[in-house]
Q: 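Here it is, the structure in full.
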Amino acid sequence: METYDVHAVVNEILKNQYFTNHGPLARALEAKLSGWFGVRNAVLVGSVELALLVSLIAMRKEGQRRLVCKSQDYSSRLMHMGALCGLEVCAIKEMKMYSEESDVFYRAIQSSGVDQFLGGSNGHTVITEVCSSWWRFSPSVGKFASYPMPLILPLPTEGGGSVLLFDSDEDAERARNVRSSYGITKPVSVFVTCNGRYSEAQAGAVLNFLNRCSRSVQTGT
Amino acid sequence: MVRESSHFLSTSNLYEPDKHRVLGYVDLWMAKGGHSRPGALVALLEQRLCEYHHSKYCVAFATGFWSLVACLRLKALNAPEVIIPSFTYRRLADVVFWAGKTPRFVDVDPGTLAISPKAVERAISSKTGAILAVHPIVNCCDVGALQGIAHDHRVPIVFDAVESVHETCEGRRVGSFEGAEVFSLHASKLINGLEGGYVCSDDREFVARLRRFKTHDATSASLQEPGSWIPSEMPDLHAAFALAGLDEIDLNVSHNQRIYRAYQARLKTVPGIRLRAFDEAEQTSFKNIVAELTDRSSCSRDSLVQQLNHNGMLARAHYSPPLHTRSYEFPVSCPDALPVTESVAARFINLPCGFRMKEGDVSSVVDVIEKSLSMDSGG
């Protein structure tokens, strides 16, 4: 279990006197993660599931009806997220034709990082989720930068939420606007908004944990 | 003179609970198992909120937004529309989208500025899946009339009470009514839980479904209803802030009352603007300061907002623009004219308020208002 110094996080929030979302701690964490992974944009979202919803809406194209995944990645979780976005979730082996232009693809990358996606992805929107505690595999941090974006990564600590990585500034801004009006760089038109906000407590907990990890690596403890 | 941003006056409550009280709850969480027992403080918060609202059950969520979505998803009939006011929170139509329904906009009552029971009754049809009634940010909607209509037509009703944490309606605590009432713990609201929401209900079976909706693992029961699950557990650290804020709620309300009294005293002599009065026959939080530009004002509401913002005082156009005038990429419905909404849409303003506002700041705000109104009238 990833623990953090709760007292230190409370003190930091009260010192900053910033209680709404996407304040100084969230901004610091986004900067740390984008630098760490070598991508232009890190967009913090309240949970992995919300990150999936936000990315599906941000990357939405007219006429999309199906969320397509490998059969081993089909889950009740994906079914619910697809349903919330109005998408039917299909596992590849159940489909007669699995490469309709309007399909959006979901792929999961397990801890090994091996990616053997079966379906074609040329021209399709592909949303990739890293399903591992990547922070345990340091110093391999940064390897995800070569994967197609957007990329969803879980964050450490209970309720630590998630980060969406984007190279495209435009895609990232749409995701921020879908997430909420907090933390946007500029208002842009999106299909629908939700509340995928990321709190200062979440940011403080993750920063505290990652900083402690870094210190442990540096001191060899 | 433009204020420094750190002194920026806001329309949000931003209550800062006592540090030692927050840390006391953190210590309590640690004593109960801390990181190895997530949810321990949240359970305590739910229990305390039940007592506070005189509610039978309370379910905490990560946000008020997803609390509303959950209630509509689980309560609505198998029919396509949810009736909502147009003159309301700017993202309420989006809530209805996530609930898998189409928002059907209706008018507000000119007296309360809340969803009009008559308009709701006119809009009910075989397409109606639910009513989402919103308490306005000053006083309450007509709970009795709306519940009567919902009951007569056998349509579920959900109350959005995010700004009505402390209020009573006809002497009864908001949160203790039948069905589902949704609250927010966002830092801008009366109780600052940093972020969060909760649902009060007297319906045991519905509460069990709400808990399944927000739990970390999708349960087999949820598989029958695609879209009826999204993990929305509130972090314990948020609960620590909310519990501390709940302990101090009387201090918070007293502060807000002083600010409201200061506005009352100053604005009563300013022509062209009228403070929206709290109903003091009921219990109220005095949290939000809303004023109306009257016919005597030659200054537009938007111009006044601009002047205040220019002076480092965050003011907002109240519920503007109304939802039915916005453009949407998802389906919405508004077959009827909404004359009251149209007539009030450009008249109301949210003035700076909340914990960071001091009584002395009210004079500065009113000075800017007075100057703006007199300039625009050629004074």
Side-chain angles (χ1 to χ4, degrees), chain A residues 1-7 9-11 13-15 17-21 23 46-50 52-53 57 60 62 75-89 157-161 178 180-182 189-202 204-205 209, chain B residues 6 12 14-17 19 22-23 26-27 29-30 34-36 38 62-66 69 73 90-91 93-95 97-100 186-188 192-197 216-220 222-223 225-238 240-241 327-330 356:
Chain A
M1 183 196 308
E2 301 85 17
T3 61
Y4 58 94
D5 183 342
V6 189
H7 289 80
V9 174
V10 170
N11 284 325
I13 293 168
L14 290 170
K15 186 187 83 187
Q17 293 202 310
Y18 194 102
F19 301 129
T20 53
N21 303 288
S47 70
V48 169
E49 288 74 18
L50 285 170
L52 190 50
L53 291 188
I57 298 297
R60 187 181 185 279
E62 186 72 35
S75 64
S76 55
R77 171 178 168 273
L78 208 56
M79 178 200 76
H80 283 297
M81 295 310 106
L84 281 162
C85 292
L87 296 169
E88 182 189 354
V89 182
T157 76
E158 178 73 28
V178 172
S180 90
S181 55
Y182 287 90
S189 174
V190 292
F191 180 75
V192 67
T193 68
C194 70
N195 185 340
R197 294 168 189 160
Y198 198 79
S199 79
E200 286 293 275
Q202 288 177 291
F209 172 81
Chain B
S6 58
S12 294
L14 301 174
Y15 184 75
E16 183 178 339
K19 175 180 171 177
V22 179
L23 290 172
V26 167
D27 290 340
W29 178 37
M30 289 298 139
H35 298 286
S36 64
T63 67
F65 186 97
W66 290 104
V69 173
R73 279 256 168 200
R90 65 197 160 89
R91 296 197 303 162
D94 300 46
V95 166
F97 165 84
W98 288 107
H186 185 259
S188 62
N192 172 10
L194 303 177
E195 179 60 281
H216 276 302
D217 299 310
T219 60
S220 54
S222 74
L223 297 177
E225 302 171 87
S228 66
W229 172 84
I230 185 165
S232 317
E233 299 281 10
M234 178 189 290
D236 285 282
L237 197 40
H238 291 199
F241 274 85
S327 63
Y328 297 89
E329 293 187 39
F330 55 87
R356 296 198 180 159

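Note that these values count all heavy atoms, side chains included, but never hydrogens, waters or copies made by symmetry. Chain naming here is simple, since letters A, B, ... match the order of the sequence lines and numbering starts at 1 in each.
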Q: What part of B:Ser327 lies closer than 4.5 angstrom to a heavy atom of chain A: side chain, backbone, both or neither?
A: neither
Q: What is the distance from atom CD of A:Glu62 to atom CD of B:Glu329, rounded to the nearest 0.5 Å?
A: 8.0 Å
Q: Tell me, side chain or backbone of A:Leu78 under 4.5 Å from chain B's heavy atoms, or both, or neither?
A: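 No part of A:Leu78 comes within 4.5 Å of chain B.
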Q: Kindly assign one of parallel, tilted or perpendicular to the pair A:Tyr4 and B:His35, based on the angle between their ring planes and the thresholds 30° and 60°.
A: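 It falls in the perpendicular class, over 60°.
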Q: Give a yes or no answer on whether the side chain of B:Trp229 reaches the backbone of A:Arg77 with a donor-acceptor pair at less than 3.5 Å.
A: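 Looks like no, no N/O pair under 3.5 Å.
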Q: Tell me, side chain or backbone of B:Met30 under 4.5 Å from chain A's heavy atoms, or both, or neither?
A: side chain
Q: From B:Leu23 CG over to A:Leu14 CG, what is the distance, rounded to the nearest 0.5 angstrom?
A: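 Answer rounded to 0.5 Å: 7.0 Å.
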Q: Do B:Asp94 side-chain atoms and A:Val192 backbone N/O form a donor-acceptor pair below 3.5 Å?
A: no
Q: Chain A heavy atoms under 4.5 Å from B:Ser228: which part of the residue, side chain, backbone, both or neither?
A: both
Q: Give a yes-or-no answer on whether the side chains of B:Arg91 and A:Ser180 include a donor-acceptor pair shorter than 3.5 Å.
A: no
Q: Quick check on the interface: out of A:Glu158, A:Glu200, A:His80, A:His7, who has the most heavy-atom pairs with chain B under 4.5 Å?
A: A:His80
Q: Between CD1 of B:Ile230 and CG of A:Leu84, what distance do you get to the nearest 0.5 Å?
A: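 With rounding to 0.5 Å, CD1 (B:Ile230) is 5.5 Å from CG (A:Leu84).
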Q: Out of B:Pro235, B:Pro38, B:Gly196, B:Gly100, return the one with the most heavy atom pairs under 4.5 angstrom to chain A.
A: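 The residue among B:Pro235, B:Pro38, B:Gly196, B:Gly100 with the greatest pair count is B:Pro38.
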Q: Looking at chain A, which one of B:Asp217, B:Val95, B:Val69, B:Asp27 has the largest number of heavy-atom pairs inside 4.5 Å, strictly under?
A: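 Option with the greatest count: B:Asp27.
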Q: So which atom in A:Ser181 and which in B:Arg90 form the shortest heavy-atom distance, rounded to 0.1 Å?
A: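 What the structure gives for the nearest pair is OG-NH2, 2.9 Å.
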Q: Report the C-alpha distance between A:Phe19 and B:Tyr15 in whole Å, list the side-chain angles of each, state the deciding distance to 0.1 Å, and finish with yes or no for ring pair (Phe, Tyr, Trp, His ring centres under 6.0 Å).
A: CA-CA 9 Å; A:Phe19 301 129; B:Tyr15 184 75; 9.0 Å; no
Q: Please flag which part of B:Glu16 lies under 4.5 Å from any non-hydrogen atom of chain A: side chain, backbone, both or neither.
A: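 Contact with chain A is through both the backbone and side chain of B:Glu16.
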Q: Relative to the ring of B:His186, is the ring of A:Tyr182 parallel (under 30°), tilted (30 to 60°) or perpendicular (over 60°)?
A: tilted
Q: What option among A:Gly159, A:Ser189, A:Ser76 has the most heavy-atom pairs under 4.5 Å with chain B?
A: A:Ser76
Q: Can you give me the closest heavy-atom contact between A:Ser47 and B:Pro231, atom names plus distance?
A: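 Looking at all heavy atoms of both residues, the shortest contact is OG-O, 4.4 Å.
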Q: State the CD-CG distance between B:Glu195 and A:Asn195, to the nearest 0.5 angstrom.
A: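 These two atoms lie 5.0 Å from each other.
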Q: Locate the shortest heavy-atom distance separating A:Ala83 from B:Gly227; write the atom from each residue and the value.
A: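 Closest approach of A:Ala83 to B:Gly227: CB-N, 3.5 Å.
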Q: Looking at A:Cys194, A:Gly204, A:Ser199, which makes the most heavy-atom pairs under 4.5 Å with chain B?
A: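 That would be A:Cys194.
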Q: Check whether B:Trp98 gets within reach of chain A through its side chain, its backbone, both or neither, counting any heavy atom under 4.5 Å.
A: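 Answer is both: backbone and side chain atoms of B:Trp98 are under 4.5 Å from chain A.
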Q: When heavy-atom pairs shorter than 4.5 Å are enumerated against chain A, which of B:Gly64, B:Pro226, B:Ala93 gives the highest number?
A: B:Pro226
Q: Evaluate side-chain contact (heavy atoms from CB on, under 4.5 Å) for A:Ile13 paired with B:Leu194, printing each intermediate quantity in order.
A: CA-CA 10 Å; A:Ile13 293 168; B:Leu194 303 177; 4.2 Å; yes
Q: For A:Val9, is it the side chain, the backbone, both, or neither that has a heavy atom closer than 4.5 Å to a heavy atom of chain B?
A: side chain
Q: Count the heavy-atom pairs under 4.5 Å between each of A:Arg197, A:Met81, A:Gln202 and chain B, then report the option with the highest count.
A: A:Arg197
